Amino acid sequence: MYLARPPSCKQTVDPSATTSTQGLMVPKTSTWIDTHEAEEDVAASEMSVSFQEMSLEDEPSDISYLPPSGSSQSSPDRDSGSASANGDGWAERKWLVSESRLLQLFQICAVCGAAVAETRTTTHSSQIKIQWNCLNNHSGTWASCPDRRGMAENNLLISASILFTGATHTTLLDWANLLHTPIPKNTQFYKMQEVYLIPVIQQAYRDQHETIMERLLQHCASGHTIDLCGDARCDSPGFSSKYSTYSFQDDTTKEIVHVELVQVTEATSSVAMELTGFQRGLDYLLERGLKVGFVTTDRSPSIRKVMRENYSSIRHEFDIWHVAKGVKKKLTAISNKKGTKDLQPWIRSITNHLYFSCDSSKGDEEVCVRRWTGLLHHICGIHRWEDGGAECTCPHPPLTEEQQKRKKWLDKNSPAFLGLQTVVMDKDLLRDLKQMTLFKLTGSLEVYHSAMLKYAEKRVHYGYDGMRARTQLAIMDHNSNVDRPQATTKKGEPRQRFVFPKQSDRWIAKPINKKTQQAFRDDLMQRVLERRDDPTVIYSEPPQHRSSAKT
Ligand SMILES: [Zn+2]
Ligand SMILES: [Zn+2]
């Protein structure tokens with residue numbers, strides 16, 4: 001079975017009628033249309049070409065078969081090669097055709113209608129070529145896809161599709177082997193990846209990166225600063241990771257502005273890899289001329305140290321989600337101890353209060369800390385108290401007598417309260433709250449990191465160039481989709497789905513965004529073919545897996 005383009009003529013051949021085909025003349029304008037196709041809503045006129053049109057006139061010498069040029073839908077238009085929806089160029093539809101079915105098309109001479117005396121098939125990975133001779137000495141060669149400077153175009157397209165969709169050659173080869181569909185072998189795939197695919201990804205990534213940088217630099221030139229979020233991702237869990245990527249995101253547009261790929265050989269530990277990536281990336285952005293207002297990261301001690309010492313002009317904010325997660329973990333541990341279970345029903349409110357304290361402080365550090373610690377009064381049922389001579393109140397509206405009576409307030413001397421107090425008044429937390437008053441979250445970086453799993457699975461080990469290319473693919477994918485609007489129903493209402501997150505204890509509504517845009521991949525495919533057309537790019541074919549058969 002081959003991944004083959006259909007010959008431009010469409011016909012259903014009745015095998016019984018073709019066993020004695022010698023001298024059978026094919027009517028000049030005959031067209032066969034398979035009824036199944038018509039059911040599939042394919043415009044018949046678009047697909048059908050009369051058999052006569054593909055005849056080779058009275059030319060007895062061997063001529064390479066060229067599809068008819070009258071129909072733009074079926075001619076390989078190498079000049080435009082566009083990825084248009086009507087199927088021009090490389091983006092035309094390609095079909096899985098069983099070999100026996102394919103050979104049925106070569107039983108009758110296309111010129112005189114006499115029986116074909118001999119066919120010879122040669123294959124080159126996914127491409128099949130059929131040479132035929134008829135009893136009257138007509139002959140021709142047909143290929144299942146065009147050649148691109150001597151290379152079967154589909155072999156290049158298959159390899160490109162594997163990498164550009166984040167798949168691996170191993171998986172696709174397994175799939176193809178089971179189906180008995182030849183695709184480029186390992187050595188051929190990696191050679192194509194090296195010579196065509198990776199350079200094309202790099203160039204497309206650079207183009208996108210420079211467009212983003214240009215916009216950011218213009219923004220800075222008009223007196224603004226850029227706010228960044230940063231986070232690391234390791235390629236395998238724990239401390240044995242081979243690569244670490246450190247990504248910087250524009251806090252306003254959520255685009256990934258820059259990523260540093262760090263190899264384990266460059267640093268002593270995964271913590272050191274994170275710091276190396278962070279510093280190298282931030283230095284690069286500053287050297288390019290960006291004026292950075294603040295950077296939001298998690299509370300990694302090494303990054304906070306280097307921010308304090310080396311980048312003191314940039315405000316360093318901490319990601320509230322990371323901090324809230326830590327607070328919740330501590331409270332859960334305390335509430336599992338003896339005599340502290342009264343704390344349990346409060347935990348979610350407490351972490352919500354952390355978000356609220358940061359959000360409502362509007363950059364005022366004192367307000368943020370006072371609001372956060374005020375929770376120790378509220379949780380005991382006290383909503384008005386004195387703090388350093390000033391009168392303080394809870395931010396909520398006054399409670400009714402009924403509400404005040406019903407709520408399970410904590411006792412100030414209970415183990416639950418004393419445990420809570422250690423967490424709320426934790427010296428490090430109170431200090432760090434001052435760097436959380438801008439209410440910054442790196443949550444959308446998590447979205448990018450989960451998108452990255454599509455292009456670089458954590459359990460698969462890639463070479464450095466492959467890993468870099470896959471990271472760049474993930475960035476291009478993410479950046480092409482960051483401003484995707486929320487999908488709407490037919491009535492125009494925003495669509496959402498309900499999820500039950502592991503770390504939560506209730507269902508929450510999440511917006512459904514419109515389908516992702518993958519146009520950047522069409523652009524990459526086009527660039528690959530253009531690169532193949534460039535004779536200065538040297539590609540040496542690895543040993544072939546050609547095969548030949550005569551019937
Ligand atoms: Zn003939
Ligand atoms: Zn209160």
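Note that the coordinates shown come from a computational prediction; the quantities given were computed from them, not determined experimentally. Read the numbers this way: they start at 1 and go in the same order the structure lists the ligands and their atoms.
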**OP:** Give the name of the N/O/S atom in His383 that lies closest to the Zn ion (ligand 2).
**Re:**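 That would be atom ND1.
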
Original post:
Do Ser159 and Gln188 have a side chain donor and acceptor closer than 3.5 Å?
Top reply: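 No, because no side-chain N or O of Ser159 sits under 3.5 Å from a partner of the opposite role on Gln188.
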
**OP:** Would you give the angle at the Zn ion (ligand 1) between Cys134 atom SG and His138 atom ND1, to the nearest 10°?
**Re:**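 Nearest ten degrees: 110°.
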
Subject >> Distance under 6.0 Å and angle within 45° of ring axis: Lys328 vs Trp321 >> reply: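 Negative - Lys328 is either too far from the ring of Trp321 or too far off its axis.
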
Original post:
How many degrees, to 10°, between Cys394 SG and His396 NE2 as seen from the Zn ion (ligand 2)?
Top reply: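 Centred on the Zn ion (ligand 2), the SG/NE2 angle is 110° (to 10°).
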
**OP:** Kindly say whether the aromatic ring centers of Trp409 and His383 come within a distance under 6.0 Å.
**Re:**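 Yes - the distance between ring centres of Trp409 and His383 falls below the 6.0 Å cut-off.
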
**OP:** Using a cut-off of strictly less than 2.8 Å, determine whether His378 has an N/O/S atom near the Zn ion (ligand 2).
**Re:**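 Yes.
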
Subject >> Given Asn154, Ile183, Asn155, the one that forms side-chain contact (heavy atoms from CB on, under 4.5 Å) with Ser125 >> reply: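 Passing option: Asn155.
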
